[in-house]
**Q** 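Attaching a single structure in C-alpha cells format; questions to follow.
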Amino acid sequence: MNSSPVLQLQQVTHQFPNRPAPTVYNLSLDLEPGEILALLGPSGCGKTTLLRLIAGFEQPQQGEVAIAGRIVANADGMVPPEQRSVGMVFQDFALFPHLTVQENIAFGLGKGDSRGQVSEAIALVGLTGYERAYPHELSGGQQQRVALARALAPRPSLVLLDEPLSNLDVQVRLYLRQEVRDILKATGTTAVFVTHDQEEAMAIADQVAVMRHGQIEQQGPPEALYRAPVSRFVAEFVTQANVLPARWNGQIWETEIGSFDLKSSLSDNFPAFSKGETADLMIRPEDIQIQPSASGTVTVGDRQFLGRDYRYTLLTPSGNKLYARIPADRTSSASGAAPLPPGTLVHLTIHPAALKLFPTTEDVVDGAKGRSLPVA
Ligand SMILES: Nc1ncnc2c1ncn2[C@@H]1O[C@H](COP(=O)(O)OP(=O)(O)OP(=O)(O)O)[C@@H](O)[C@H]1O
C-alpha cells in the first residue's frame with residue numbers, strides 16, 4: 001500500500017496584499033491516505049485561507065503545496081483548481097438550482113467517467129430515489145449530501161469541506177456528522193474540513209489541527225489533543241477547560257480553591273520556576289467533583305441539565321466562575337454530588353493527575369477572557 005502523504009504542505013506562507021501580516025505563516029503538514037483532518041480554530045485564524053491554498057484559489061508567496069505526490073503550488077506558479085484532483089464541499093451547498101440531483105452530480109464528471117459513477121455516488125449518500133428531484137425540493141441535509149456526492153463522484157485524491165454542516169439545524173448536524181465520516185471512511189477518501197466547532201472536529205476527524213494566527217499550534221488525534229494539550233490556548237479551545245492562576249510556594253502550587261502537588265502534570269518543556277512565580281492551571285470541567293459542605297468556599301451559581309450530565313457554574317470566593325460537568329446519574333442519594341441547587345456551598349475534589357500547568361499568558365481564546373482567578 002502506498003503510504004506517502006496525499007497532501008503535503010511545506011512552510012507555506014500567504015499574505016493578502018492589503019493585510020499587515022501573513023494569514024498563513026510558515027505552515028507545514030502531512031496527511032496520509034484515507035485520513036480525515038479537521039482544521040479547527042477561532043474566527044480569523046486562517047482556516048479558510050489554508051483550505052483555499054490547498055484547493056488552488058490562492059497562491060502561496062513561500063513554500064510548497066503537493067497533492068498525491070505532485071507539486072501543485074509554490075511561489076513560481078500553480079496548477080488551477082480543476083486540475084488538482086480535488087473535490088469541494090461548501091457551507092452553502094453551492095448546487096445548481098436548475099439541475100436535478102443526478103445532473104448536479106454528473107456536472108463535475110469528465111467524458112471518460114461512467115454514468116454508473118453518478119448512481120454509485122447517489123447510493124453512497126443515501127439519496128437513491130431522488131435522482132430527478134431539484135435542490136429546492138430537498139431538505140438542507142439532503143442538499144449537503146448531494147454536494148458531498150458531487151465532490152466524491154469523480155473519485156478525487158482529496159476532498160475539501162469548508163464548514164459543511166454549519167448551515168444546518170443542530171439535529172441535522174448531529175446525524176450528518178456521523179454520516180459524513182461514515183461515507184468518507186467507506187470510500188477511503190482523504191479529506192480536510194474546516195470547522196470552528198471542537199465537538200464536530202473531534203467527532204469527524206482522525207487528526208485535528210488547531211490553528212492560531214495562521215499557524216498550527218498542535219496537530220494530532222483528537223484524544224491526544226484532549227489529554228495532552230500543548231498550550232493553554234489548545235486546552236481552552238478543545239476542552240473548554242477552566243484556567244486559574246497558581247503560585248509556586250516552593251513545595252506546592254497554591255490556588256484560590258486549594259493547593260496541588262503537580263509534579264506529574266508538568267510538561268517536560270515547562271521552564272524552571274522559582275518561589276512566588278505564577279502559572280496557569282488547567283482544570284477540565286469533567287475532572288471536578290463537588291460535595292455540599294457548610295465549610296465550603298465555593299458556591300453553586302447555576303445548574304444546567306444537559307441530558308447525560310449537569311453543567312454547574314461555580315463561584316469562587318472572589319466571584320469568578322469555574323465550570324464543572326457532573327454525570328446526571330450520580331444522584332445526591334448515592335454520592336451527595338448532584339443535583340445541587342444554586343446557593344449551595346460546596347467542597348471541590350480534583351485529582352492532581354488530571355491537571356495541567358502552562359506558562360502564564362494573556363493571549364487566550366476569544367470569549368474566555370475574564371475567567372482568571374486571583375491566587376489566595
Ligand atoms: N480576500 C481577502 N483579502 C484580504 N484579507 C482576507 C481575505 N480573505 C481573508 N482575509 C483575512 O484573513 C484572515 C483569515 O481569514 P480566514 O477566512 O482564513 O479565517 P477563518 O479562520 O476561516 O475564519 P472564520 O472561521 O471566521 O471563517 C482574516 O483576518 C480575514 O479578514
**Q** If I take atom CG from residue Leu124 and atom CD from residue Glu179, how far apart are they, to the nearest 0.5 angstrom?
**A** 10.0 Å
**Q** Decide, yes or no, whether a salt bridge links Arg177 with Asp182 under the criterion of side-chain N to carboxylate O below 4.0 Å.
**A** no
**Q** Under 30°, 30 to 60°, or over 60°: which ring-plane class applies to Phe96 and His98, parallel, tilted or perpendicular?
**A** perpendicular
**Q** Working to the nearest 0.5 Å, report the span between CG of Leu355 and CG of Asp261.
**A** 10.5 Å
**Q** For salt bridge (charged side-chain N to carboxylate O under 4.0 Å, His left out), just list the numbers for Glu137 and Arg132, CA-CA rounded to whole Å, side-chain angles, deciding distance to a tenth of an Å, and then say yes or no.
**A** CA-CA 10 Å; Glu137 298 173 304; Arg132 287 162 201 275; over 6 Å; no
**Q** Supply the atom-to-atom distance Leu95 CG to Asn104 CG, rounded to the nearest 0.5 angstrom.
**A** 5.0 Å
**Q** If you measure from CD1 on Ile288 to CD1 on Ile350, what distance do you get to the nearest 0.5 Å?
**A** 5.0 Å
**Q** Any link between Ile283 and Trp248 through a network of hydrophobic side chains (Ile, Leu, Val, Met, Phe, Trp, Tyr) touching at under 4.5 Å?
**A** yes
**Q** Can you check side-chain contact (heavy atoms from CB on, under 4.5 Å) on Ile183 and Val125, steps first, answer last?
**A** CA-CA 7 Å; Ile183 291 166; Val125 299; 3.9 Å; yes
**Q** Under the side chain to side chain donor-acceptor pair (under 3.5 Å) rule, what do His136 and Gln143 come out as? Steps first, then yes or no, please.
**A** CA-CA 9 Å; His136 74 268; Gln143 289 184 50; over 6 Å; no
**Q** Do Val298 and Ile257 have side chains that get closer than 4.5 Å, going by heavy atoms?
**A** yes
**Q** Is any side-chain heavy atom of Phe57 closer than 4.5 Å to a side-chain heavy atom of Pro81?
**A** yes
**Q** Could you please spell out the steps behind the side-chain contact (heavy atoms from CB on, under 4.5 Å) verdict for Thr128 and Glu131?
**A** CA-CA 7 Å; Thr128 303; Glu131 290 81 353; 3.8 Å; yes
**Q** Run Asn242 and Met282 through side-chain contact (heavy atoms from CB on, under 4.5 Å) and show every step you take.
**A** CA-CA 6 Å; Asn242 300 293; Met282 178 198 98; over 6 Å; no
**Q** Hey, are the side chains of Thr297 and His347 touching, using non-hydrogen atoms and a 4.5 Å cut-off?
**A** no
**Q** Quick one: does Val12's side chain get under 4.5 Å of Pro60's, heavy atoms only?
**A** yes
**Q** Shortest non-hydrogen contact from Gly41 to Lys47?
**A** O-NZ, 2.8 Å
**Q** At what distance, to the nearest 0.5 angstrom, does OH of Tyr323 lie from CG of Asp302?
**A** 9.0 Å
**Q** State whether the number of non-hydrogen atoms from other residues, nucleotides or ligands found under 6.0 Å of Arg227 atom CZ is greater than 12.
**A** no
**Q** Provide the closest heavy-atom pair for Arg150 versus Pro154 in the form atom of the first, atom of the second, distance.
**A** O-CD, 3.3 Å
**Q** For residues Gln289 and His351, is any side-chain donor paired with an opposing acceptor at under 3.5 Å?
**A** no
**Q** Taking all atoms of both residues into account, what is the closest heavy-atom pair of Gln144 and Pro164, and its distance?
**A** NE2-O, 2.7 Å
**Q** Measuring only between side-chain heavy atoms, which start at C-beta, is Glu217 closer than 4.5 Å to Gln215?
**A** no
**Q** Would you call the rings of His14 and Phe16 parallel, tilted or perpendicular if under 30° counts as parallel and over 60° as perpendicular?
**A** perpendicular
**Q** Less than 3.5 Å apart, any donor N or O on the side chain of Ser318 or Glu256 sitting next to an acceptor on the other?
**A** yes
**Q** Contact between Leu148 and Val146 at the side-chain level, heavy atoms closer than 4.5 Å - yes or no?
**A** no
**Q** Is there a donor-acceptor contact under 3.5 Å linking the side chains of Ser166 and Gln91?
**A** yes
**Q** Looking only at heavy atoms, what is the nearest atom pair of Ile252 and Asn249, with distance?
**A** N-OD1, 2.8 Å
**Q** Tell me, do Leu27 and Thr13 make a side-chain contact under 4.5 Å, heavy atoms counted?
**A** no
**Q** Considering residues, nucleotides and ligands other than Gln11, do more than 12 of their heavy atoms fall under 6.0 Å from its CD?
**A** no
**Q** For residues Phe237 and Leu29: do they belong to one hydrophobic cluster (side chain heavy atoms under 4.5 Å, members Ile, Leu, Val, Met, Phe, Trp, Tyr)?
**A** no
**Q** Look at atom CZ of Phe107 and say whether more than 12 heavy atoms of other residues, nucleotides or ligands are closer to it than 6.0 Å.
**A** no
**Q** Between Ser231 and Gln218, does any side-chain donor sit less than 3.5 Å from a side-chain acceptor?
**A** no
**Q** Is Arg173 salt-bridged to Glu200, going by a charged N under 4.0 Å from an acidic O?
**A** yes
**Q** Looking only at non-hydrogen atoms, find the nearest pair between Gly140 and Leu168 and report the distance.
**A** C-CD2, 3.4 Å
**Q** Give the cluster check for Leu176 versus Val192: same hydrophobic cluster or not, with ILVMFWY residues linked at side-chain heavy-atom distances below 4.5 Å.
**A** no
**Q** Can you tell me how far the CD atom of Glu35 sits from the CD atom of Gln207, to the nearest 0.5 Å?
**A** 4.5 Å
**Q** Assess whether a salt bridge exists between Asp287 and Arg325, defined as any Lys/Arg side-chain N lying under 4.0 Å from an Asp/Glu carboxylate O.
**A** no
**Q** Is the backbone of Arg19 close enough, under 3.5 Å, to the side chain of Gln15 for a donor and an acceptor to pair up by distance?
**A** yes
**Q** Applying salt bridge (charged side-chain N to carboxylate O under 4.0 Å, His left out) to Glu277 and Arg247, what does each step give before you reach the verdict?
**A** CA-CA 6 Å; Glu277 249 184 291; Arg247 181 184 290 134; over 6 Å; no
**Q** Is there a path from Phe193 to Val180 through hydrophobic residues (I, L, V, M, F, W, Y) whose side chains come within less than 4.5 Å of each other?
**A** yes
**Q** Do Asn74 and Glu64 meet the criterion of a side-chain donor-acceptor pair at a distance under 3.5 Å?
**A** no
**Q** Is there a side-chain contact between Tyr134 and Pro97 (heavy atoms, below 4.5 Å)?
**A** no
**Q** Is NZ or CZ of Arg232 both nearer than 6.0 Å to the six-membered ring centre of Phe358 and within 45° of the ring axis?
**A** no
**Q** Mind checking whether Val159 and Val72 sit in one hydrophobic cluster, side chains of I, L, V, M, F, W, Y counted as touching below 4.5 Å?
**A** no
**Q** Show the numbers, then the answer: is there a side-chain contact (heavy atoms from CB on, under 4.5 Å) between Asn320 and Leu315?
**A** CA-CA 5 Å; Asn320 281 299; Leu315 303 173; over 6 Å; no
**Q** Any salt bridge between Lys356 and Asp280, counting N to O under 4.0 Å?
**A** no
**Q** Can you establish whether the number of heavy atoms outside Glu82 located under 6.0 Å from its atom CD is more than 12?
**A** yes
**Q** Do you know the tightest heavy-atom contact between Pro156 and Ser85?
**A** CB-O, 3.4 Å
